[in-house]
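Just so we're on the same page: letters track the sequence lines, and every chain starts at 1.
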There are 2 protein chains.
Amino acid sequence: MPETNLRSATRYGTRPTMKDVAARAGVGLKTVSRVVNGEPGVTPETERRVQESIDALGFRRNDSARVLRKGRTASIGLVLEDLADPFYGPLSRSVEEVARAHGALLINGSSAEDPDREQELVLALCARRVDGLVVIPAGDDHRYLEPELRAGVATVFVDRPAGHIDADVVLSDNFGGARGGVAHLIAHGHRRIGFIGDMPRIHTAAERLRGYRAAMEDADIPVADSWMSLGVTDPERVRRAAEEMLSGPDPVTAIFAANNRVTVTVIRVLAEQTRRVALVGFDDIELADLLQPGVTVVAQDAAAIGRTAAERLFRQLDGTLVTPERIELPTRLITRGSGELPPAD
Amino acid sequence: MPETNLRSATRYGTRPTMKDVAARAGVGLKTVSRVVNGEPGVTPETERRVQESIDALGFRRNDSARVLRKGRTASIGLVLEDLADPFYGPLSRSVEEVARAHGALLINGSSAEDPDREQELVLALCARRVDGLVVIPAGDDHRYLEPELRAGVATVFVDRPAGHIDADVVLSDNFGGARGGVAHLIAHGHRRIGFIGDMPRIHTAAERLRGYRAAMEDADIPVADSWMSLGVTDPERVRRAAEEMLSGPDPVTAIFAANNRVTVTVIRVLAEQTRRVALVGFDDIELADLLQPGVTVVAQDAAAIGRTAAERLFRQLDGTLVTPERIELPTRLITRGSGELPPAD
DNA sequence: CCCGAGCCTGACAACGTTGTCCAGGCTCTA
DNA sequence: TAGAGCCTGGACAACGTTGTCAGGCTCGGG
């Protein structure tokens with residue numbers, strides 16, 4: 001009874017299946033499958049009839065069933081910290097582009113820097129049977145991923161290494177970048193240089209701090225505790241931290257801001273100062289060149305990081321890649337003025 | 001033979017199923033299902049045995065199979081133009097937050113402003129049987145969505161209305177915002193005001209242009225063709241357009257930049273001018289307050305737009321919502337200096 | 001005229017889960 | 001002590017698709 005099928009197909013909330021299409025076209029179920037998937041072995045005339053039914057019923061293949069049968073979902077998951085952060089936009093975009101080139105869709109979620117939420121998200125993605133995962137870790141223990149890795153879920157960590165498991169990592173040379181940025185300030189005559197960064201439990205923050213210390217040590221400059229502020233990111237506390245190191249008994253003449261959010265706040269604080277204080281920031285920020293002075297930064301290439309990670313992911317899926325590796329991408333110092341100001345005591 | 005099950009379960013690329021877990025725990029398949037889903041009717045002792053098997057095998061429920069059986073995927077799709085655009089980051093984030101609150105995951109894709117790609121993406125998402133779609137349309141004909149809507153896929157369009165179908169839309173008051181922004185310039189004494197915007201086939205661009213014209217007409221100012229530049233967005237052409245309207249025979253004393261990308265380029269051009277030219281931009285940009293002068297903008301609330309759209313989506317899914325509606329969110333004029341400069345002839 | 005080859009086509013099982021339904025064992029009461 | 005009712009657990013079908021395999025048809029050659 002084709003009429004019944006038609007009615008059930010157009011009833012709200014019900015979708016036509018291949019069975020419905022087959023019934024309407026008066027062919028077998030498998031023939032419809034062949035047409036839908038462009039498999040050979042169907043007469044043009046039969047194909048036409050099937051296609052007509054498909055269009056008439058508005059049939060759309062159910063990929064859930066397909067996945068169940070085939071095993072691959074053609075989708076990959078991206079877990080990052082916050083989509084609204086300007087660093088992750090381009091990263092996410094470049095991951096998506098690579099995914100698209102491989103015919104895969106991108107599912108993404110934000111961990112909000114919360115390890116539990118990261119795990120919850122990752123496992124939800126695994127339950128959907130994503131073929132691969134790109135993870136910007138919030139937590140530092142990823143042993144919960146072991147069964148997934150064994151099951152063949154391709155995984156690449158980004159921006160920070162995985163904890164307690166052996167997996168691919170793609171990140172910036174945070175240590176080298178920070179060291180270079182601070183050395184740049186030292187080269188312009190600064191000795192009292194402040195550092196404002198995130199909690200050292202975050203890998204990037206720790207590495208950048210290490211770079212700062214290394215650069216100071218290279219120049220034989222002992223670091224005063226009052227020059228360092230760790231674990232502050234919210235604008236209010238960054239502001240206080242900056243003001244303190246500028247007004248203390250041993251005031252800094254330059255500040256190294258260890259990420260883009262910190263940099264932005266520090267710029268605001270410095271704009272209010274009468275004294276000219278030098279600034280180098282980690283991460284580029286938009287319009288940095290239009291400010292007075294332009295903001296000198298150590299820039300990461302977010303798009304390149306995303307692209308590299310995604311490409312490795314698909315090479316894992318190809319089977320081209322077996323041994324986990326750690327890939328460090330170089331950073332680039334962009335001088336625009338704020339980092340070249342001389343010390344003003 | 002539990003040993004066989006165990007081996008097959010840990011073989012690379014194969015995952016344990018509920019059957020494997022059941023065999024290992026010595027219970028029935030359905031009992032495992034009950035434990036996994038927290039259904040009642042399982043003795044604590046049995047539950048413990050099952051849980052132990054789950055942990056030992058690293059079992060993870062296969063949501064594809066679940067979806068196939070239940071019909072709902074607990075995921076929604078978001079199709080936007082470009083994730084890297086600062087306007088879409090917060091929007092995407094707020095959509096994700098609402099989705100999360102409803103226990104759904106977010107799948108997103110970028111259309112790159114290409115109608116074919118938009119359709120391809122949307123249909124791919126429908127094939128995955130997402131429960132709902134949030135679409136920032138690139139094309140202007142969405143009749144291809146009719147079968148999906150009939151099938152009960154909740155759909156909300158954002159930023160621009162759908163073409164040729166009746167669906168929910170959430171957008172900013174582009175017309176009113178632009179009109180207000182231009183009126184603000186007029187109120188500060190400007191009469192020769194330039195307009196640089198996107199192709200009028202894009203709804204937002206057309207509306208903002210209409211707002212510009214309306215404000216000019218309200219003030220009885222005839223608009224010269226040379227003051228308007230439509231359909232340019234790439235920096236090079238925006239730059240040329242701006243320079244032309246600043247140097248022509250009838251040079252403008254103020255510019256209304258109809259979106260954030262245009263605004264940024266115009267700022268660069270104006271910074272090179274000796275003459276002080278007023279500027280109002282549509283869309284806020286980061287650090288706008290730190291520039292000299294601060295940039296006056298007509299700001300949209302991207303997060304509110306995303307939240308509103310996603311909430312409507314889930315209300316559609318609840319059944320609370322039936323009739324499609326058009327929701328316009330107000331914009332906000334933020335004065336920072338550039339829009340308050342007097343005309344300099 | 002018959003037979004084999006080759007091409008279309010369709011019946012059927014399987015993917016892993018959940019909903020339905022029933023069986024068996026237990027407790028409690030008359 | 002027997003019957004009723006409850007609680008736990010399991011067998012089975014179904015979701016919509018794809019892979020396997022076999023059957024029927026046509027065509028050409030012997």
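Checked for salt-bridge contact, B:R49 and B:E52 miss the test: no charged N lies under 4.0 Å from a carboxylate O. Looking at B:R201 and B:D140, no side-chain N of the basic residue comes within less than 4.0 Å of a carboxylate O on the acidic one, giving no salt bridge.
Between the CZ atom of B:R15 and the P atom of C:dT17 there is a distance of 10 Å, rounded to whole Å. Between the C1' atom of C:dT18 and the CG atom of A:L68 lies a distance of 13 Å, rounded to the nearest Å. Atom-to-atom, CG of B:N62 to C1' of C:dT18 comes out at 13 Å; the value is rounded to the nearest Å. When rounded to the nearest whole Å, the span between CE of A:M18 and P of D:dT18 equals 4 Å. Atoms CZ (B:R72) and P (C:dG19) sit 14 Å apart, rounded to a whole Å. Between B:R66 atom CZ and D:dT17 atom P the separation is 20 Å, expressed in whole Å. Straight-line distance from the NZ atom of B:K30 to the P atom of C:dC21: 13 Å, rounded to whole Å. To the nearest angstrom, P of C:dT17 lies 9 Å from CG of B:D63.
Taking only side-chain nitrogens and oxygens, A:S33 never comes nearer than 4.0 Å to OP1 or OP2 of D:dT17. The phosphate of D:dG10 has OP1 or OP2 within less than 4.0 Å of a side-chain N or O from B:T31. Between B:R34 and D:dT8 there is no side-chain polar atom (N or O) within less than 4.0 angstrom of OP1 or OP2. One finds no side-chain N or O of A:R69 lying less than 4.0 angstrom from the OP1 or OP2 phosphate oxygen of C:dA14.
A side-chain donor-acceptor contact under 3.5 Å links B:R61 and B:N37.
A:R34 is linked by a side-chain hydrogen bond (donor to acceptor under 3.5 Å, both in side chains) to nothing, counting only residues two or more places apart in sequence or in another chain.
The listed nucleotides are C:dG16, C:dG10, D:dG19; the one nearest the side chain of A:K70 is D:dG19. Side-chain proximity of B:L29 to D:dG16, C:dT18, D:dT18: nearest is C:dT18.
For DNA chain D, the residues of residues 35-47 of chain B within the heavy-atom distance limit of 4.0 Å (strictly under) are B:G41, B:V42, B:T43, B:T46, sorted by number.
Here the side chain of A:E96 pairs a donor or acceptor atom with the backbone of B:S110 at under 3.5 angstrom.
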Please report, to 0.1 Å, the donor-acceptor pairs under 3.5 Å made by any side chain of residues 153-163 of chain A, with sequence neighbours excluded.
{"from": "A:T155", "atom 1": "OG1", "to": "A:V153", "atom 2": "O", "distance (Å)": "3.1"}
{"from": "A:R160", "atom 1": "NH1", "to": "A:E113", "atom 2": "OE2", "distance (Å)": "2.8"}
{"from": "A:R160", "atom 1": "NH1", "to": "A:P137", "atom 2": "O", "distance (Å)": "2.7"}

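Contacts of A:V67 with the nucleic acid, taken as non-hydrogen atoms under 4.0 Å apart, are absent.
Interatomic distance, OH of A:Y144 versus SG of A:C126, reported as 8.0 Å (0.5 Å rounding).
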